Enquirer: 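Got a structure for you, written out below as structure tokens; questions coming shortly.
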Amino acid sequence: MTVASPRLTAVGSVSSYAFWGDDGKALAEFYAAALGWKVVQEFPDENGVPTAFLVTGGSTTFVFYTAKEFKAPDWPKDELPFHLDLAFDDVPAAEQRLLELGASKPGHQPGGTRWTVLLDPSGQPFCISTGWSEGA
């Protein structure tokens, strides 16, 4: 008698990716402009003050929260639990545009020519490149 191996069944899906910063609205506007997406909804806190901002490009959704005691990581000293990798066809042009939108470029660039690290307006690192390909 053969015992079938247990099969994993998907029980959910990712509905959004959430980010905290000192100014959720500014982060939402930055990433919406960076990706050509839109800020489509805002959510108030218990006092009616908008503190969460939904940004979507259709199939992916980010939510940016204003956190009263947010502290940006001291990167590269602090390890990051995660970060975003954004892909662009023209990385130099994207870098220039992102810097104009409020990103900054730290001196530490561990990606060499493979990717560029930028800091968003809240000071959190993210990377830009032409994207990942299988086997790369």
Side-chain angles (χ1 to χ4, degrees):
M1 181 166 146
T2 304
V3 177
S5 63
R7 297 183 79 165
L8 297 177
T9 303
V11 294
S13 62
V14 176
S15 63
S16 67
Y17 302 90
F19 303 87
W20 279 253
D22 55 351
D23 185 339
K25 183 174 185 174
L27 273 182
E29 291 170 347
F30 172 79
Y31 282 103
L35 298 168
W37 295 3
K38 294 181 181 178
V39 178
V40 296
Q41 194 169 1
E42 42 183 64
F43 300 93
D45 65 10
E46 62 278 1
N47 299 314
V49 177
T51 56
F53 304 87
L54 199 105
V55 173
T56 186
S59 62
T60 302
T61 301
F62 293 157
V63 181
F64 296 93
Y65 292 93
T66 300
K68 295 174 186 166
E69 297 185 30
F70 174 79
K71 182 180 175 216
D74 182 8
W75 182 85
K77 180 181 153 196
D78 294 342
E79 291 185 352
L80 303 175
F82 75 96
H83 73 278
L84 287 175
D85 288 324
L86 304 179
F88 295 93
D89 291 334
D90 185 341
V91 175
E95 178 180 336
Q96 182 61 40
R97 183 165 175 267
L98 293 165
L99 293 170
E100 291 168 0
L101 289 170
S104 59
K105 186 175 180 179
H108 182 62
Q109 292 292 324
T113 60
R114 295 179 306 255
W115 66 81
T116 300
V117 179
L118 298 176
L119 304 177
D120 71 19
S122 73
Q124 298 182 81
F126 67 100
C127 295
I128 61 172
S129 70
T130 56
W132 300 104
S133 60
E134 209 170 308

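Counting begins at 1 with the first residue of the sequence. If you're wondering where the values come from, they're calculated on a predicted model, not measured in any experiment.
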Enquirer: Please report the C-alpha distance between Tyr65 and Leu27 in whole Å, then the side-chain angles of each, then the deciding distance to 0.1 Å, and finally whether the side-chain contact (heavy atoms from CB on, under 4.5 Å) criterion is met.
Expert: CA-CA 9 Å; Tyr65 292 93; Leu27 273 182; over 6 Å; no
Enquirer: Could you report the tightest heavy-atom contact between Thr66 and Phe53, atom names first, then the distance?
Expert: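 The answer is OG1-CE1, 4.2 Å.
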Enquirer: Between SG of Cys127 and CD of Gln109, what distance do you get to the nearest 0.5 Å?
Expert: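 Going from the SG atom of Cys127 to the CD atom of Gln109 covers 8.0 Å.
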Enquirer: Any donor-acceptor pair under 3.5 Å linking the side chain of Asp45 with the backbone of Asn47?
Expert: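 Checked: pair present.
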Enquirer: Are any side-chain N or O atoms of Asp120 and backbone N or O atoms of Gln124, one a donor and one an acceptor, separated by less than 3.5 Å?
Expert: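 Side chain of Asp120 to backbone of Gln124, a donor-acceptor pair under 3.5 Å: yes, one is there.
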Enquirer: Does Asp90, at its CG atom, have more than 12 non-hydrogen atoms belonging to other residues, nucleotides or ligands within less than 6.0 Å?
Expert: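 Yes, CG of Asp90 has more than 12 neighbouring heavy atoms, counting only those of other groups under 6.0 Å.
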Enquirer: Say whether, by atom type as modelled, one donor and one acceptor occur between the side chain of Arg97 and the main chain of Pro92 under 3.5 angstrom.
Expert: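 Here the side-chain-to-backbone pair does not exist.
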Enquirer: A side-chain contact here means heavy atoms from C-beta on lying under 4.5 Å apart; do Val117 and Pro125 qualify?
Expert: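 Yes, close enough: below the 4.5 Å cut-off.
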Enquirer: Cluster question for you: counting only ILVMFWY and a side-chain heavy-atom cut-off of under 4.5 Å, with indirect links fine, are Leu119 and Phe70 together?
Expert: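 No; Phe70 is not reachable from Leu119 via cluster members.
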Enquirer: With ring centroids as reference points, do Phe64 and Trp20 lie under 6.0 angstrom apart?
Expert: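 They do not qualify: ring centres at least 6.0 Å apart.
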Enquirer: Looking at side-chain heavy atoms only, is the closest gap between Leu99 and Leu118 below 4.5 Å?
Expert: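 The answer is yes, as the side chains (C-beta and beyond) meet within the 4.5 Å cut-off.
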Enquirer: I'd like to know if Val40 and Val14 are part of one continuous hydrophobic network [Ile/Leu/Val/Met/Phe/Trp/Tyr, side-chain heavy atoms within less than 4.5 Å].
Expert: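 As far as the 4.5 Å side-chain criterion goes, Val40 and Val14 are not connected within one cluster.
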Enquirer: Return the OG1 to CD1 distance between Thr116 and Ile128, rounded to the nearest 0.5 Å.
Expert: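 Here the interatomic distance stands at 5.0 Å.
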Enquirer: Rounded at 0.5 Å granularity, tell me how far CD in Gln96 sits from NZ in Lys105.
Expert: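 Separation between the atoms: 10.0 Å.
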Enquirer: Following the transitive rule for hydrophobic clusters with a side-chain heavy-atom cut-off under 4.5 Å over Ile, Leu, Val, Met, Phe, Trp and Tyr, establish whether Phe82 and Leu84 coincide in one cluster.
Expert: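 Same cluster.
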Enquirer: For the residue pair Asp22 and Ser122, what are the closest heavy atoms and their distance?
Expert: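 Minimum heavy-atom separation between Asp22 and Ser122: OD1-CB, 3.9 Å.
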Enquirer: Counting only heavy atoms not in Glu100 (residues, nucleotides, ligands), do more than 12 fall under 6.0 Å from its CD?
Expert: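 Buried by this count: over 12 neighbours within 6.0 Å.
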Enquirer: Measuring from Trp132:CH2 to Trp115:CH2, what's the distance to the nearest 0.5 Å?
Expert: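 So the gap between those two atoms works out to 5.0 Å.
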Enquirer: Answer with yes or no after comparing the ring centroid distance for Phe19 and Phe62 against a 6.0 Å cut-off, counting only values under it.
Expert: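 Here the rings of Phe62 and Phe19 have centres that are less than 6.0 Å from each other.
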Enquirer: In terms of hydrophobic clustering (I, L, V, M, F, W, Y; side-chain heavy atoms under 4.5 Å; direct or indirect links), are Val55 and Phe43 co-clustered?
Expert: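 No, Val55 does not connect to Phe43 through the hydrophobic network.
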Enquirer: Return the OG1 to CD distance between Thr51 and Glu42, rounded to the nearest 0.5 Å.
Expert: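 Output value for this atom pair is 9.5 Å.
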Enquirer: Run the ring-centre check on His83 versus Trp75 and record whether the distance is less than 6.0 Å.
Expert: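 They do not qualify: ring centres at least 6.0 Å apart.
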Enquirer: Check whether any side-chain heavy atom of Phe88 sits under 4.5 Å from a side-chain heavy atom of Leu98, and report yes or no.
Expert: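 Yes - at least one pair of side-chain heavy atoms lies under 4.5 Å apart.
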Enquirer: Verify whether the ring centers belonging to Tyr31 and Phe126 lie closer than 6.0 Å.
Expert: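 Between Tyr31 and Phe126, the centre distance is under 6.0 Å.
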Enquirer: Determine, step by step, whether Thr61 and Leu54 satisfy the side-chain contact (heavy atoms from CB on, under 4.5 Å) criterion, reporting the C-alpha distance in whole Å, the side-chain angles of both residues, the deciding distance to 0.1 Å, and the verdict.
Expert: CA-CA 7 Å; Thr61 301; Leu54 199 105; 3.6 Å; yes
